[in-house]
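Notes to accompany the following structure.
Protein chains get the first letters and strands the later ones, always in sequence-line order, with residue 1 at the start of each.
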Amino acid sequence: MLDLVYIRNKPEEVAAKLARRGFDVDFTEFLSRDAERRALMHETETLKAERNQKSSEIPLIKKQKGDLAAVTEQLRQLSDQIRDNDTRIKEMNADQQTFLAGLPNIPADDIPAGGKENNEVVSVWGEPMTVEAGMKNHVDLVESCGMIDYERGAKLSGSGFWIYRGPGAILEWALLNYFIGEHLRDGYEMMLPPHILNYECGYVGGQFPKFEDDVFQLRGQGERFQFILPTAETALTSVHAEEILKESELPKKYFAFTPCYRREAGSYRADERGMIRGHQFNKVEMFQFTRPEDSEEAFMELVGKASRLVEGLGLVHRVSRLAAGDCGAAMRKTFDIEIWIPSMQIYKEVSSVSTAGDYQARRGNIRYRQADSGKTAFCHTLNGSGLATSRVIPAIVEQCQLPDGSIRVPEVLLPWMHGIEIIHPVNPGHE
RNA sequence: GGAGAGAUGGUCGAGUUGGCUGAAGGCACCGGUCUUGAAAACCGGCGAGGAUGCAAGUCCUCCGCGGGUUCGAAUCCCGCUCUCUCCGCCA
């Protein structure tokens, strides 16, 4: 949600900034309706003041046993008028909210305009390896090593689901433990939120109403339905919705582990086989609520944390600054941490770190009280994956494969590997 | 799933014969007096959002949410949501 006052004061500036992400708006009509709305509000409030005034005289008239009929009739008309106006104002407010809710966030000034073709590589870690003769891609590797069972996953559920098994399941769990350990060490509070959320959470996060069809909806209808979370961000953002936090308790640093469920309707592409894109994947999500003046620093902290996690695994990766049009609608700036997938000769996102500024805070009414002025102000919210495993495992198995088709487990994971250092191919027909 | 109770400001908690109650009181918090400092005591302040205004201010709305009755509702009626207690069922 953008600041209405800002739009009112500098409509051209807002429109120009939104154009950087490819979003075209003209606020002319919106603002004239806003003026109309405020005029009606003003008029109605005057009527209400009059009503309150007259109304308070009634007890006196009663006491003096005066005649109430005239006043009562007058007030009845006044009330009718007020009721009509209120109905109209309510409609206008609703229209305005709908319009505002549909506007994406204003991109930060320090990111490139335009679409993903304008993304910029910020830094590269490691040397992208080429595909040597005899090297396998991750789909073949995880199957031959008995780590993932795609076929039976589809049998149990449908296309886009898989089973982690044996060493694959252990590796997955080890990754999560590794991530958790790092976040705890950095002073983040761990959370395990509900996986089924109400509509409000989707709205606050900025996913709804536009992307309602991207999630698995459960019961209810209209603005009532519950859904299975597409990312823990959707849960964490709303943790402090409708609250006024103390300035002294900011920043709040959280992380959560949840599976993420996404419909990914129509997004299948042949080059995204395997675990690159599924309807369910595991992710640890980092989140911060900060004061506005601290959010930039927090953003860099999250970027640093995400890339350090990949670095700890010894995996080739890079950091990219996304162009305005490639950032999520709720975000003003996003850096992606992308991991090298040798078989695809391409970097794939393992983490997306974003700052929403006060956009989500406005939607969720997440505020804090400024210690010096005593005023309330909106928090800033930031989030970042730390990390999503479904992209990390392909990178691990490909980047860490040995000539004989086995996989050397990254050292940082060994404490949770239950003695497995090398994952060997299983004998054919032995699955 | 069945039965009952309840939802008031940061928190606790008054307020049910509808009318200066946006809401007593306690606590917390902030400022001041006192004190070498702190505590205690005393004095004062202390909800949010909005309209208008340079400002001081004035006005409006909000007592879970949404409707209704009424000249007027935190107070009466209806619907919804959530919480708690008891019973049943169950991982």
**Request:** Check for a donor-acceptor pair, side chain of A:D336 on one end and backbone N or O of A:E338 on the other, with a separation under 3.5 Å.
**Result:** no

Interface polar pairs with nucleotides 54-61 of chain B, N/O, under 3.5 angstrom:
| from | atom 1 | to | atom 2 | distance (Å) |
| --- | --- | --- | --- | --- |
| B:C60 | OP1 | A:N52 | ND2 | 3.0 |

**Prompt:** Watson-Crick or G-U wobble partner for B:U17, using a 3.5 Å limit on both distances?
**Reply:** none

Report, one line per pair, each donor and acceptor closer than 3.5 Å where one atom sits in a side chain of residues 297-310 of chain A; sequence neighbours left out.
| from | atom 1 | to | atom 2 | distance (Å) |
| --- | --- | --- | --- | --- |
| A:E301 | OE1 | A:K253 | NZ | 3.2 |
| A:E301 | OE2 | A:Y188 | OH | 2.4 |
| A:E301 | OE2 | A:K253 | NZ | 3.1 |
| A:E301 | OE2 | A:Q288 | NE2 | 3.2 |
| A:K305 | NZ | A:H183 | ND1 | 3.0 |
| A:K305 | NZ | A:D186 | OD2 | 2.6 |
| A:S307 | OG | A:V303 | O | 3.2 |
| A:S307 | OG | A:G304 | O | 3.3 |

**Asked** Roughly how far, to the nearest 0.5 Å, is the OG1 atom of A:T44 from the CD1 atom of A:I89?
**Response** 3.5 Å

**Request:** Name the pairing partner of B:C59, where a pair is Watson-Crick or G-U wobble with both distances under 3.5 Å, or state none.
**Result:** B:G50

So which protein nitrogen or oxygen atoms get under 3.5 Å of nucleotides 64-68 of chain B's nitrogens or oxygens?
| from | atom 1 | to | atom 2 | distance (Å) |
| --- | --- | --- | --- | --- |
| B:G67 | OP1 | A:K90 | NZ | 2.3 |
| B:G67 | OP2 | A:K90 | NZ | 3.3 |

**Complete:** Rounded to the nearest 0.5 Å, the SG atom of A:C260 sits from the CD1 atom of A:I228 at a distance of 11.5 Å

**Atom pair distance, as rounded to whole Å: CG in A:D34 and P in B:G50** = 13 Å

**Asked** With both distances under 3.5 Å as the test, what is the Watson-Crick or G-U wobble partner of B:C76?
**Response** B:G68

**Interatomic distance at P, B:A55 relative to B:U36, whole Å** = 45 Å

**Message:** Under 4.0 Å between a side-chain nitrogen and a carboxylate oxygen: does that hold for A:R33 and A:E36?
**Reply:** no

**Item:** Atom pair distance, as rounded to whole Å: NZ in A:K246 and P in B:C46
**Value:** 20 Å

**Complete:** Separation of B:U70 atom P from A:E73 atom CD, nearest Å, is 13 Å

**Short side-chain N/O contact to B:U70 OP1/OP2 from A:T72, under 4.0 Å** = no

**Item:** Inter-nucleotide C1' distance (B:G53, B:U58), Å rounded
**Value:** 9 Å

**Message:** Determine whether a donor-acceptor pair (N or O, by modelled atom type, separation under 3.5 Å) exists between the side chain of A:R332 and the backbone of A:Y359.
**Reply:** no

**Donor + acceptor pair across side chains of A:D214, A:Q207 (<3.5 Å)** = no

**Message:** Within the 3.5 Å criterion, strictly below it, is a donor on A:E73 or A:Q77 matched to an acceptor on the partner's side chain?
**Reply:** yes

**Prompt:** Taking the P atom of each, how far is B:C65 from B:A73, in whole Å?
**Reply:** 16 Å

**OP1 or OP2 of B:G10 under 4.0 Å from side-chain N/O of A:R369** = no

**Asked** What is the distance from CG of A:L75 to P of B:C71, rounded to the nearest Å?
**Response** 9 Å

**Asked** C1' atom, B:U70 versus B:C77: distance in rounded Å?
**Response** 12 Å

**Message:** My understanding is that a pair needs two contacts under 3.5 Å, Watson-Crick or G-U wobble. By that rule, which nucleotide pairs with B:G25?
**Reply:** B:C12

**Message:** Quiz question: by atom type and distance under 3.5 Å, do the side chains of A:E249 and A:Y368 form a donor-acceptor pair?
**Reply:** no

Might you list the N or O atoms of the protein lying below 3.5 Å from N or O atoms in nucleotides 18-23 of chain B, with each pair's distance?
| from | atom 1 | to | atom 2 | distance (Å) |
| --- | --- | --- | --- | --- |
| B:G19 | O6 | A:K62 | NZ | 2.4 |
| B:G19 | N2 | A:S55 | OG | 3.2 |

**Prompt:** How long is the line joining CD of A:Q97 and P of B:G50, in whole Å?
**Reply:** 11 Å

**Request:** Could you measure between the two P atoms, the one in B:A38 and the one in B:G19, and give it in whole Å?
**Result:** 47 Å

**Asked** A:F227: what forms a ring-ring contact (aromatic ring centres under 6.0 Å, His included) with it, not counting sequence neighbours?
**Response** A:F208

**Prompt:** Are the aromatic rings of A:F287 and A:F289 close, with centres under 6.0 Å apart?
**Reply:** yes

**Asked** Watson-Crick or G-U wobble partner for B:C90, using a 3.5 Å limit on both distances?
**Response** none

**Prompt:** Nearest-Å distance, CG (A:N365) to P (B:G10)?
**Reply:** 12 Å

**Asked** Does a side-chain N or O from A:R367 land closer than 4.0 Å to OP1 or OP2 of B:G49, or not?
**Response** yes

**Option among A:K252, A:R291, A:R367 that satisfies the salt bridge (charged side-chain N to carboxylate O under 4.0 Å, His left out) test with A:E247** = A:R291

Return the polar atom pairs (N/O with N/O) between nucleotides 80-84 of chain B and the protein under 3.5 Å, or none.
none

**Request:** From the options A:H240, A:E285, A:E189, select the one residue that forms a side-chain hydrogen bond (donor to acceptor under 3.5 Å, both in side chains) with A:Y254.
**Result:** A:H240

**Message:** When both hydrogen-bonding distances must be under 3.5 Å and the geometry is Watson-Crick or G-U wobble, what is B:A40 paired with, if anything?
**Reply:** none

**Item:** Span that lies between the C1' atom of B:U75 and that of B:G6, in whole angstrom
**Value:** 16 Å

**Asked** When you compare B:G9 with B:A74, how far apart are their P atoms, in angstrom units rounded to a whole number?
**Response** 15 Å

**N/O donor-acceptor pair under 3.5 Å between A:N119 side chain and A:A323 backbone** = yes

**Request:** With P as the reference atom in both, quote the distance from B:U81 to B:C54 in angstrom, rounded to an integer.
**Result:** 47 Å

**Complete:** A:I82 CD1 to B:A73 P, in whole Å, measures 10 Å

**Request:** Provide the Watson-Crick or G-U wobble partner of B:U35, both distances under 3.5 Å; none if there is no partner.
**Result:** none

**A:H279 side-chain N/O to A:R262 backbone N/O, donor-acceptor pair under 3.5 Å** = yes

**Asked** What is the distance, rounded to the nearest whole Å, between atom CG of A:N93 and atom C1' of B:C62?
**Response** 14 Å

**Request:** Output, in order, the C-alpha distance, side-chain angles, deciding distance and verdict of salt bridge (charged side-chain N to carboxylate O under 4.0 Å, His left out) for A:R76 and A:D80.
**Result:** CA-CA 6 Å; A:R76 196 192 312 273; A:D80 286 347; over 6 Å; no

**Request:** Please determine, for the side chain of A:I244, which listed nucleotide (B:G72, B:G50, B:A48) has the closest atom?
**Result:** B:A48

**Message:** Mind checking if A:R362 touches a base, just sugar-phosphate, or nothing, with heavy atoms under 4.0 Å?
**Reply:** nothing

**Prompt:** Are any of the side-chain nitrogens in A:R263 or A:D213 under 4.0 Å away from the carboxylate oxygens of its partner?
**Reply:** no

**Complementary nucleotide for B:U81 - Watson-Crick or wobble, under 3.5 Å** = B:A7

